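Letters A, B, ... mirror the listed sequences (proteins, then strands); counts begin at 1. Predicted model, so just to flag it, every value in this text is computed and none were measured.
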Amino acid sequence: MSTLEKAIADTNYLKDPPGIKNWLFTLDHKRIGVLYLYGIMASFLLGGIFAMLLRLELLSPDQVIVDADTYNQFFTLHGAVMIFLFIIPSIPAALGNFVLPLMIGAKDVAFPRLNLASWYIYVAGAIICLYSIVAGGADTGWTFYTPYSTQTSTAVISLTFGAFVLGFSSIFTGINFIATIHKLRAPGMSWFKMPLMVWALYATSIIQVMATPVLGITLVLLIVERAFGIGIFDPAMGGDPVLYQHFFWFYSHPAVYIMILPAMGIISELISTFSHKKIFGYKMIAFSSLGIAFVSFLVWGHHMFVSGQSELAAMVFSFLTFFVGIPSGIKVFNWVATMYKGSIELKTPMLYALSFLFLFTIGGFTGIVLGSLAVDVHLHDTYFIVAHFHYVMMGGTVMAFLGGLHYWWPKMWGRMYSEFWAKISLALIFIGFNATFFTQFIMGSQGMPRRYATYVDTYHRLHAFSTYGSWVLGLGFVVMAVYLIHSLFKGSKAPANPWRSLTMEWETTSPPITHNFDRPMVLEHGPYDYDVIDPKRRLEDHKREVSK
Amino acid sequence: MDTTGTLFLPPSGSTISGEVDFQFYFIYAASIFFFAVVTFASLLFVVRYRRRGEPTRSDAPTHNTLLEIVWTAIPTVLIVIVFVMGFRTYLKMHVVPGDAMEIKVTAQKWFWSFDYPEGASAVNELVVPVNQPVKLLMSSQDVIHSFFVPNFRVKMDVLPNRYSVTWFEATQTGEFDLFCTEYCGKGHAEMIGKVKVVSESEYNNWVEAGAGPAEGEGLADYGRRLYVSKACNTCHSIDGSGNVGPSFLQKFGAEEALADGSFITVDENYLRESILNPQAKIVAGYDPVMPTYQGLLKDREVDALIEFIKSLKDGQ
Ligand SMILES: [Cu+2]
């Protein structure tokens, strides 16, 4: 090791400045990203345990391990934890925090203190949410539909208040990213020279800032109704329950895009890097992110086709829903076209991207099935919906998140994971996922309603198969936990740019030094200029220059 | 008419199912086609352009306007077709035919009750004549429920503060599952009824007879049937096991602690009051969630239920 390399190794952000206190009060976006990563991984574990318990309970038609009340609390917690604590912050707050400034050649985000505050708010919100477990659990489903949620005797207030608090964390992160992207790009990085991940985070942030307040207001109204008996949604007190659904979905539909847009950003990075080829239709992908963000505000009513809204409203919502499908479809075609005549390397992140393509496409097409008014009447609130959103959220967002996690893992920790075990784990996850959830499409369209603790015998075989699938899926994640943790200690040292990518985060060391780069960054080439630049050559040139 | 169902869809039993199924499989087929294209292309590229050794530089174009227009336009056209079909059928689902008979549906935790124009009523069993449009005028006593019969492809939320309407015309006789599909708490998964489609003459007989004891059936046995058909069994066991409400086993004659601290001996009058006006006296340790059966049960039926409870002296 040259003295230079040694010096760099000691000044990397993981070690400098040292000590737990410096971690907890850090303003470094990389450390905050890592703190978020701990938080969401713990949440994913918790939500996953609930998921396994749910599947176990559904192994056979009658009660298996828990009674209906407990089952209802489990699915509520599974949903709330996975959505509010895991998936919403997963890509933007954890990976996004880490990579965004690096990708645009900045030293940090625009408001580092606000960034740390949003992590603490996240932790506070999480604790309030989880307090509901000790306070007797909530049993409303993550959607908190009124009037059930006003009338049930369970700990609804603490769960909704937790979600309310978490909303602020999400808003702050959004504001921070928007300012960062506007103000801190390296000289020369015009809007159309930004990596697509940055575009995706930008579109996501806009939704976070604009939609989350509506959720906050809705949850506050719900709390006010429960705590003070002021009738807003509960007809027994003169309110209107359908109003609640409108409010709730006005946030929660765009929230689906808070979850999927950044995932699409990651996929663009992965496919271009591992195909070693310029992304196909850059502008189309960038604009379709913004297009999706915009239209996502206008489709909330498609969750309510059988709620008794007017036929006219249903028509408009159905029509607009289909038009979110188009830009998503365009992205898929663009990704496939990017691979054409590329130089494709099947490393784990690329395999995750391919899994994403496969699963997300299924999720997208079943979305079209649900967008059709007449067919939705039959499928609404059945397992078809459950399968659909797991294909989109897990097959889409989680696959992309894991792809991104593996892709940036060497940058984060300076260590490589075991490629062999990563592939084994991915195979298990892929097979387990499809076994678990494809079955649910079938039982759903056959009529199996969701949120049933017990069920009629007709669906027994499908449910049992789905449960077996969940065991394979769970095993895949166990394997992943083992090899990832192992790599932190025993993994081989990661080079600065193991994937020969052209985006800026790879121009610093792995792990990056505390101030990100050892020189002021200036954009020298586009993020995907694989047709003109060879990144390996560039890096060597650069090293030679530095050591001179 | 298909009676066996397909891989994805259950046997169809109403006039609207055909259209819904057609659209389902139309979208399905189109999706399979595009899915196959995307998957096949990805796999082909992965195999064909797999990196061997050093990465190569590509001379492939980075965008192609014609191609991009084509792959935007084709799905758009298909989607407009799907939208129009879906909307037209949806309208049909919402416009009740003029000659429909009307049945009042009441949902409450956790059972369904049905009131017929002729005065008959039933719990958890909707009896309708075949080939006759049936309009359902629905409301809920408590939270939101949803009326779903998979075989008929009908679903409609049932709300506490307004009437909602749906209709169907059954094309097959037989029994079909009726599910609640809007989560409504502990008994949600047991809020399952049956739709019994019968011939017109059978239907007329059923309505006339009202639901009464069968020939030669004892009062207690009739009560036992009512215990199931009026959904008492969703909350009360008869074997001493716990549930939402107290078990009926050895109830009669027992000394009962009430929530207000007083005690009462269970006799016929107390049982009658508990059924018709359950909020009057609340059993200690239970929530006051039992719905009133005032107006839902005839005198005769209350008698039969009381007789049945009296008969549960020891485990049976
Ligand atoms: Cu219900």
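- In terms of heavy atoms, B:Phe148 sits closest to A:Thr382 at CE2-CG2, 3.8 Å.
- Among the candidates A:Asp69, A:Thr361, A:Asn72, the residue making the largest number of heavy-atom pairs closer than 4.5 Å to chain B is A:Asn72.
- The contact between B:Lys109 and chain A is made entirely by side chain atoms (from C-beta outward), counting heavy-atom distances below 4.5 Å.
- Aromatic ring centres of A:Phe441 and A:Phe438: separated by under 6.0 Å.
- Chain B forms the most heavy-atom pairs under 4.5 Å with one residue out of A:Gly447, A:Ala453, A:Ala68, A:Gly281, and that residue is A:Gly447.
- Atom CZ of A:Phe323 sits in a crowded spot, with more than 12 heavy atoms from other residues, nucleotides or ligands closer than 6.0 Å.
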Could you give the side-chain donor-acceptor pairs of residues 70-82 of chain B under 3.5 Å, partners two or more places apart or in another chain?
| residue | atom | partner | partner atom | Å |
| --- | --- | --- | --- | --- |
| B:Thr72 | OG1 | B:Glu68 | O | 2.6 |
| B:Thr76 | OG1 | B:Thr72 | O | 2.5 |

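- In this structure, the separation between CZ on B:Arg153 and CD on B:Glu19 is 12.0 Å, given to the nearest 0.5 Å.
- Checked by atom type, the side-chain pair A:Tyr148/B:Asp142 shows no donor-acceptor distance below 3.5 Å.
- Of all non-hydrogen atoms in B:Pro288 and B:Gln279, the two that sit nearest each other are CB-OE1, 3.2 Å.
- Using a 4.5 Å cut-off between heavy atoms, A:Met339 touches chain B through backbone and side chain atoms alike.
- A salt bridge links B:Arg162 with A:Asp240; the closest basic N to acidic carboxylate O contact falls under 4.0 Å.
- Contact between B:Asn124 and B:Ala231 at its shortest, heavy atoms only, is ND2-CB, 3.7 Å.
- For A:Tyr145, the part sitting under 4.5 Å from any heavy atom of chain B is the side chain, from C-beta outward, and nothing else.
- Residues of residues 24-33 of chain B lying under 4.5 angstrom from chain A, judged on non-hydrogen atoms, are B:Phe24, B:Ile27, B:Ser31 by number.
- Salt-bridge check for B:Arg52 with A:Glu345: failed, with every basic side-chain N at 4.0 Å or more from each acidic carboxylate O.
- If you measure heavy-atom distances from A:Tyr71 to chain B, you find no contacts under 4.5 Å at all.
- Interface residue A:Gln151: only side-chain heavy atoms are found under 4.5 Å from chain B.
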Mind listing the side-chain donor-acceptor pairs of residues 362-378 of chain A below 3.5 Å, one per line with the distance, residues two or more places apart or on another chain?
| residue | atom | partner | partner atom | Å |
| --- | --- | --- | --- | --- |
| A:Thr366 | OG1 | A:Ile362 | O | 3.0 |
| A:Thr366 | OG1 | A:Gly363 | O | 2.9 |
| A:Thr366 | OG1 | A:His388 | ND1 | 3.0 |
| A:His378 | NE2 | A:Ser445 | O | 2.9 |

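- The choice from B:Asn151, B:Val154, B:Asp157, B:Val20 that makes the most heavy-atom pairs within less than 4.5 Å of chain A is B:Asp157.
- For A:Gln73, no part lies near chain B; criterion is any non-hydrogen pair under 4.5 Å.
- Between chain B and the residues A:Thr140, A:Thr152, A:Asp67, the largest count of heavy-atom pairs under 4.5 Å involves A:Thr140.
- Note that A:Lys347 lies outside the cation-pi zone of A:Phe274, set by a 6.0 Å cut-off to the ring centre and a 45° limit from the axis.
- Here the closest non-hydrogen pair linking A:Ser307 and A:Gln245 is CB-OE1, 3.6 Å.
- For A:Leu357, the part lying near chain B is the side chain, with the backbone staying farther off; criterion is any non-hydrogen pair under 4.5 Å.
- In terms of heavy-atom pairs under 4.5 Å with chain B, the best-connected choice from A:Ala236, A:Ser318, A:Gly308, A:Gly329 is A:Ser318.
- The residue among B:Glu190, B:His94, B:Arg48, B:Gln23 with the most heavy atom pairs within less than 4.5 Å of chain A is B:His94.
- Closest approach of A:Phe280 to B:Asn64, counting heavy atoms only: CZ-N, 3.6 Å.
- Salt bridge status for A:Asp381 with B:Lys155: absent, with no side-chain N to carboxylate O gap under 4.0 Å.
- Interface remark: B:Met93 contributes side-chain atoms only to the contact with chain A (heavy atom separation under 4.5 Å).
- Interface with chain A: from residues 34-44 of chain B, residues B:Phe34, B:Phe35, B:Val38, B:Thr39, B:Ala41, B:Ser42 qualify, criterion being any non-hydrogen pair under 4.5 Å.
- Heavy-atom pairs under 4.5 Å with chain B were tallied for A:Lys283, A:His380, A:Arg450; the largest tally goes to A:His380.
- Side chain to side chain, B:Lys135 and B:Thr166 fail the donor-acceptor criterion of an N or O pair below 3.5 Å.
- The two residues A:Gly141 and A:Thr76 make their nearest non-hydrogen contact at N-OG1, 2.9 Å.
- For the residue pair A:Thr146 / A:Ser149, no side-chain donor-acceptor distance below 3.5 Å is found, with atom types taken as modelled.
- Of all the listed residues (A:Thr321, A:Asp531, A:Ile326), the one sharing the greatest number of non-hydrogen pairs under 4.5 Å with chain B is A:Ile326.
- Neither the backbone nor the side chain of A:Phe233 comes within contact range of chain B; no heavy atoms are under 4.5 Å apart.
- Taking chain A as the reference chain and counting heavy-atom pairs below 4.5 Å, the highest number among B:Thr89, B:Leu7, B:Thr65 is found for B:Leu7.
- Contact count against chain A (heavy-atom pairs under 4.5 Å) is highest for B:Tyr49 among B:Phe179, B:Tyr49, B:Phe45.
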